[in-house]
Amino acid sequence: MSLPPEKASELKQLIQQQLSKMDVHGKIREILAETIREELAPDQQHLSTEDLIKALRRRGIIDDVMKELNFVTDNVDQELPSSPKQPAGFDKQSTLKKTTIDPTRRYLYLQVLGGRAFLEHLQEPEPSPGQVCSTFTLCLHYRNQRFRSKPVPCACEPDFHDGFLLEVHRENLGDGTRMADSTTMLSISDPIHMVLIKTDIFGETTLVASYFLEWRSVLGSENGMSSLTVELMGVGTESKVSVGILNVKLEMYPPLNQTLSQEVVNTQLALERQKTAEKERLFLVYAKQWWREYLQIRPSHNSRLVKIFAQDENGINRPVCSYVKPLRAGRLLDTPRQAARFVNVLGYERAPVIGGGGKQEQWCTLLAFLCRNKGDCEDHANLLCSLLLGYGLEAFVCVGTKAKGVPHAWVMTCGTDGTITFWESLTGHRYIHKPINPDEPPLAEQPKPLHPYRTIGCVFNHQMFLGNCQPSDAVETCIFDLNDESKWKPMSEEAIKSDLGLTTVWEDQLSYLLSPALASYEFERTTSISSGNEEFQDAIRRAVPDGHTFKGFPIHFVYRNARRAFATCLRSPFCEEIICCRGDQVRLAVRVRVFTYPESACAVWIMFACKYRSVL
């Protein structure tokens, strides 16, 4: 049996610390001098290792060191490949790893304690130590928090033993430092999204299951703990087939002072399910009426690609607008064009089809797409549209066809100056749309389309859905004046919001919109080329309402001392004017971007901004 390299290194470090603590090296030197002085004959030239070990053992030094060493044996069955695997239903006592926990916040500790009945892997042989094998990985998402389990070998009873600490909090302003009580948590209806991914020996990933876990049953448990059996169903054409079972344990931390009765919890969940079902029913009635009206405009509309509903990985029909929502990438992606590049490098793969026939339709949820790292063109378009919306652009997903009538989805942004830009999510390319006027004389010069798109049936985002009702659905002749109802038939925004249950955007959205500008400033300093300012300016115009004023002040430093930088900023009259701005509905924003270079050199950009309505 051999220890993994990281365990061997940890053991060496532990022994070295203990030797230093007990001053063993000093004792060895004393014994060595004493042994040479007392026990060696005058004609003996050197002291052998065996003689020194005997002297140390005789004086009890080795026994003292072994007594002081404490070896951690927790979870040995997971670390040593040769140890027998525990049964899948074994519920061993798990402890929280040392981590920084805010005592003023409420946490949900979710443990996955093994799996069973993954019958597809019933004949899977036990992997030998060091052997490369297919693995399962469990991914979790809850309220902007993402987690990933350690990969475990694929088996009929996969050895999942992982714990995840999820923070439970309200998103209302002023509630950030208030610990959520039982009643507050009962009103938080967000489920925990669990996605199971299989990775084969070649690194190819497959989506195995997608499950939404209702965690609030733990609020009605007497001891604040609850054990659940989660049955995972397949995806796509196998969405009605069970793929396996996970043993899940939930625990609130800190423990609840007052728990709710199970009857109250069950009543709340039943009311929410009833309300959701009624919203879905009303939206379906409205969608049918909208479709009848759309066909009355022109019977040929029946052949256009107007996509109102789409099936997700679980085979559930959902409105296409629910696949898109404003998504902010934090500091991972600086500009909209960088976001397009990120989506472009994610793999392209059509949904698998069993047997012959046409293309299998499957629009993946955002987490399933990101965990698998590949998806169809609709998945890429939905993600890119969500990111562009996060940057403040007016973005839409377009559904239509490419050459040879192949169905396709791409992204469109509308500039404040009327410029229409197409974004191809599979390649990252951008195309400026210049429509052809069919009423022009035949000899008149017409712009030649550079994009690969042929027809367009509808466009949508998280708030709007519009069907193309122009005489021709050819992209090259389409006029993208989305406010003209004679060209684009809209769905009621109230009906869409009512069905999707949308929430308002955070107040720090303006700060996020400053990121592309800082990245552009550094890029211009490096290359002397200005790039990407169009999207930034367009996003700011949209973020600032009519009658409001926007002011921004960028400043550059070559050091990272925050106090020194802020003091310098305050000495600037432009910065002081922004920070001390007076007016109606004043909103301040600040964004910092650090660009690192060799030898600890750096370029720091800070931008202060505000928007307000003047009262003078």
Side-chain angles (χ1 to χ4, degrees), residues 305 320 324-329 333-346 377-403 408-437 446-466 468 470 473-484 487-488 512-513 515-517 519-520 523 529-544:
L305 280 178
V320 292
V324 176
K325 63 178 180 179
L327 183 65
R328 297 187 297 176
L333 302 171
D334 290 323
T335 66
R337 300 189 188 190
Q338 194 175 0
R341 174 58 177 161
F342 159 67
V343 177
N344 153 231
V345 298
L346 295 176
C377 61
E378 294 89 357
D379 303 324
H380 287 78
N382 291 334
L383 176 58
L384 179 57
C385 183
S386 298
L387 290 169
L388 296 182
L389 287 170
Y391 283 107
L393 302 182
E394 186 180 13
F396 297 87
V397 175
C398 304
V399 179
T401 62
K402 293 195 301 183
H408 191 62
W410 66 98
V411 179
M412 172 187 76
T413 54
C414 305
T416 52
D417 58 354
T419 302
I420 301 299
T421 306
F422 294 146
W423 303 64
E424 176 49 59
S425 56
L426 295 180
T427 63
H429 294 164
R430 298 166 65 254
Y431 307 95
I432 303 298
H433 173 62
K434 297 180 179 179
I436 294 176
N437 188 353
Q446 298 279 11
K448 185 178 180 180
L450 301 177
H451 55 75
Y453 314 120
R454 181 179 174 185
T455 65
I456 181 169
C458 64
V459 299
F460 66 88
N461 60 19
H462 64 303
Q463 292 179 326
M464 301 174 64
F465 183 95
L466 303 108
N468 182 7
Q470 299 176 56
D473 62 351
V475 176
E476 58 186 14
T477 61
C478 270
I479 304 299
F480 287 93
D481 182 4
L482 302 183
N483 295 319
D484 188 347
K487 295 181 173 60
W488 296 92
Y512 183 67
L513 298 184
S515 295
S520 177
F523 183 78
I529 300 174
S530 178
S531 174
N533 278 326
E534 301 89 344
E535 292 87 0
F536 167 68
Q537 295 172 3
D538 192 69
I540 293 299
R541 290 191 187 99
R542 295 193 178 282
V544 179

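Source: prediction; values computed, not measured.
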Nearest 0.5 Å please: distance from the CD1 atom of Ile456 over to the CG atom of Leu466.
10.0 Å

Close side-chain approach of Val343 and Trp423, heavy atoms under 4.5 Å:
no

Listed by chain and number, what are the side-chain contact (heavy atoms from CB on, under 4.5 Å) partners of Glu534, not counting sequence neighbours?
Arg337

About how many Å separate CH2 of Trp488 and CE of Met464, when rounded to the nearest 0.5 Å?
10.5 Å

Holding to salt bridge (charged side-chain N to carboxylate O under 4.0 Å, His left out), I want the full list of residues that pass it with Asp481, two or more places apart in sequence or in another chain.
none

Tyr512 (side chain) donor-acceptor with Gly392 (main chain) under 3.5 angstrom
no

Side-chain touch Leu346/Leu383, heavy atoms, less than 4.5 angstrom:
yes

For the atom pair CG (Leu384) and CG (Leu389), what is the distance rounded to the nearest 0.5 Å?
9.5 Å

Sorted by chain and number, sequence neighbours left out, side-chain contact (heavy atoms from CB on, under 4.5 Å) with Ser386 holds for Val324, Leu327

Measure the shortest side-chain to side-chain distance between Val475 and Met412 over non-hydrogen atoms and say whether it is less than 4.5 angstrom.
no

Heavy atoms of Ile420 and Cys414 approach each other most closely as CD1-SG, 3.7 Å

Just jot down the side-chain contact (heavy atoms from CB on, under 4.5 Å) partners of Asp473, sequence neighbours excluded, or say none.
Arg304, Thr455, Asn468

Distance from His451 atom NE2 to Ile432 atom CD1, nearest 0.5 Å?
11.0 Å

Taking the six-membered ring for Trp and the single ring otherwise, decide whether the centroids of Phe536 and Tyr391 are under 6.0 Å apart.
no

Straight-line distance of His433 NE2 to Leu450 CG, nearest 0.5 Å
12.0 Å

Shortest non-hydrogen pair, Gly428 vs Asn344, comes out as N-CB, 3.8 Å

Which pairs count as salt bridge (charged side-chain N to carboxylate O under 4.0 Å, His left out) when at least one residue sits in residues 384-397, sequence neighbours excluded?
Glu394-Arg542

Quick one: pull up CZ in Phe422 and OG1 in Thr413 and give me the separation to the nearest 0.5 Å.
9.5 Å

Considering all heavy atoms, the nearest Ala381-Val411 contact:
O-CG2, 3.4 Å

Non-hydrogen atoms of Cys377 and Ala409 that approach each other most closely:
SG-N, 3.8 Å

For the pair Trp410 and His408, name the ring-plane relationship: parallel under 30°, tilted 30 to 60°, perpendicular over 60°.
parallel

For residues Leu388 and Pro336, report the shortest heavy-atom separation together with the two atoms involved.
CD2-CB, 3.6 Å

Can you run down the salt bridge (charged side-chain N to carboxylate O under 4.0 Å, His left out) pairs that involve residues 420-433, sequence neighbours left out, and say none if there aren't any?
Arg430-Glu535

Please give me the minimum heavy-atom distance between Ala519 and Thr335, naming the atom from each residue.
CB-CG2, 3.9 Å

